[in-house]
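Scope of the values below: all heavy atoms of this structure, side chains included, with no hydrogens, waters or symmetry mates. Quick caveat, the model's predicted, so the values are computed rather than measured.
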Amino acid sequence: MPDKASAPPRAWQRMLSGRRLDLLDPSPLDIEIGDIAHGLARVARWNGQTHGDHAFSVAQHSLVVEQIVRRLKPDADRALLLMALLHDAPEYVIGDMISPFKQVMGGDYKLVEGRLHAAIHLRFSLPAETPPAARKLIKRADMIAAFHEATRLAGFTIAEAGTYFGRPRTVTADGLPFAPQPSATVEAAFLKRFAELEQASSTLANGKG
């Protein structure tokens with residue numbers, strides 16, 4: 001009988017889909033969009049320190065960021081929008097750590113996050129690494145979302161949020177879904193938007209675009 005004390009620590013997580021995802025060596029074959037949507041809809045932004053009857057989830061944040069990318073670049077293609085929707089997807093496994101704690105964790109956290117990010121991208125026919133121009137645009141949208149979340153939900157003053165996230169000049173909060181929603185509602189919205197982008201990809205592939 002193997003000695004439990006000498007066995008290597010478990011580095012995988014079983015998903016509700018039945019997949020067993022290895023955090024240290026994630027395979028694209030073990031990535032399922034249902035698992036991502038389910039997990040992100042239950043991971044709270046700002047460590048849950050937000051106003052409202054529900055947590056403001058990473059899934060809802062991701063939907064906001066994708067919408068902001070569309071506002072910043074109306075001609076954005078399907079790949080860019082999908083990368084925006086999935087920009088925080090690794091957090092369905094490793095959770096959402098606030099930025100100060102990420103700085104404390106350092107390289108090991110970023111290494112695991114990077115491997116998961118690459119596996120997720122490859123699973124959905126995206127480049128393993130986000131191209132620089134797309135990464136810059138998505139980061140801009142991410143910071144705009146963070147500013148509005150900080151001031152509307154997390155108790156930051158406008159000046160304080162501007163210091164950390166920059167003050168948006170072109171994208172207001174008007175029309176963006178910042179009211180925290182139930183996890184089941186957000187999960188369904190995330191899956192719906194993903195399916196729309198997948199359908200757009202299929203249409204282009206069939207020469208109907």
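- Not counting sequence neighbours, the partners of R123 by the salt bridge (charged side-chain N to carboxylate O under 4.0 Å, His left out) test are E32.
- The minimum heavy-atom distance linking V64 with F178 is given by the pair CG1-CZ, 3.7 Å.
- When all heavy atoms of V69 and L81 are compared, the pair lying nearest together is CG1-CD2, 3.9 Å.
- Of the inter-residue distances, the one linking R152 atom CZ with L176 atom CG reads 8.5 Å to the nearest 0.5 angstrom.
- A heavy-atom distance below 4.5 Å is not found between the side chains of P28 and H121.
- Counting all heavy atoms, side chain and backbone alike, D35 lies closest to M15 at OD2-CB, 3.2 Å.
- The aromatic rings of Y164 and F156 sit perpendicular to each other, their planes meeting at more than 60°, with 30° as the lower class boundary.
- Using a 3.5 Å distance cut-off with no hydrogens or angles, the side chains of S62 and D88 do not pair a donor with an acceptor.
- The main-chain N or O of P90 is never found under 3.5 Å from a side-chain atom of E113 such that the two would form a donor-acceptor pair.
- The shortest heavy-atom contact between K73 and L80 is CD-CD2, 3.7 Å.
- Side chain of Q60 to main chain of Q181: a donor-acceptor pair is present (N/O by atom type, distance under 3.5 Å, no hydrogens or angles).
- Closest approach of A119 and P26 over heavy atoms only: CB-O, 3.8 Å.
- A pairwise comparison of heavy atoms in I158 and T151 identifies CA-CG2, 4.0 Å as the closest pair.
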Are E187 and R42 close enough, and set up right, to give a side-chain contact (heavy atoms from CB on, under 4.5 Å), and what steps lead you there?
-> CA-CA 9 Å; E187 179 178 347; R42 288 157 176 76; 3.0 Å; yes
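- In this structure, the separation between OG1 on T172 and CZ on R71 is 5.5 Å, given to the nearest 0.5 Å.
- Looking at L86 and H117, their side chains never come closer than 4.5 Å, going by heavy atoms from C-beta outward.
- With hydrogens and angles ignored, the 3.5 Å screen pairs a side-chain donor or acceptor of D22 with a backbone N or O of L24.
- Using a distance-only test at 3.5 Å, with no hydrogens or angles considered, a donor-acceptor pair links the side chain of R135 to the main chain of T130.
- Remark: L197 CG to M83 CE distance equals 11.0 Å, nearest 0.5 Å.
- Side-chain contact between L40 and S57 is absent, with no heavy atoms from C-beta onward closer than 4.5 Å.
- Taken from CE in M143 to CD in E149, the straight-line distance is 11.5 Å, to the nearest 0.5 Å.
- Between the NZ atom of K139 and the CG atom of D142 there is a distance of 5.0 Å, given to the nearest 0.5 Å.
- Without hydrogens or angle criteria, H148 side chain to V171 main chain gives a donor-acceptor distance under 3.5 Å.
- Note on I31: it does not cluster hydrophobically with L122, by side-chain heavy-atom contacts below 4.5 Å among ILVMFWY residues.
- Checked by atom type and distance alone, the side chain of T50 never pairs as donor or acceptor with a backbone atom of W46 at under 3.5 Å.
- A continuous path of ILVMFWY side-chain contacts below 4.5 Å connects L191 to Y92, so both sit in one hydrophobic cluster.
- With values rounded to the nearest 0.5 angstrom, F165 atom CZ is found 8.5 Å from E160 atom CD.
- Each of L126, I36, V93, I33 was evaluated against I120; a single residue qualifies, I36, per the side chain to side chain contact (heavy atoms under 4.5 Å, CB included) test.
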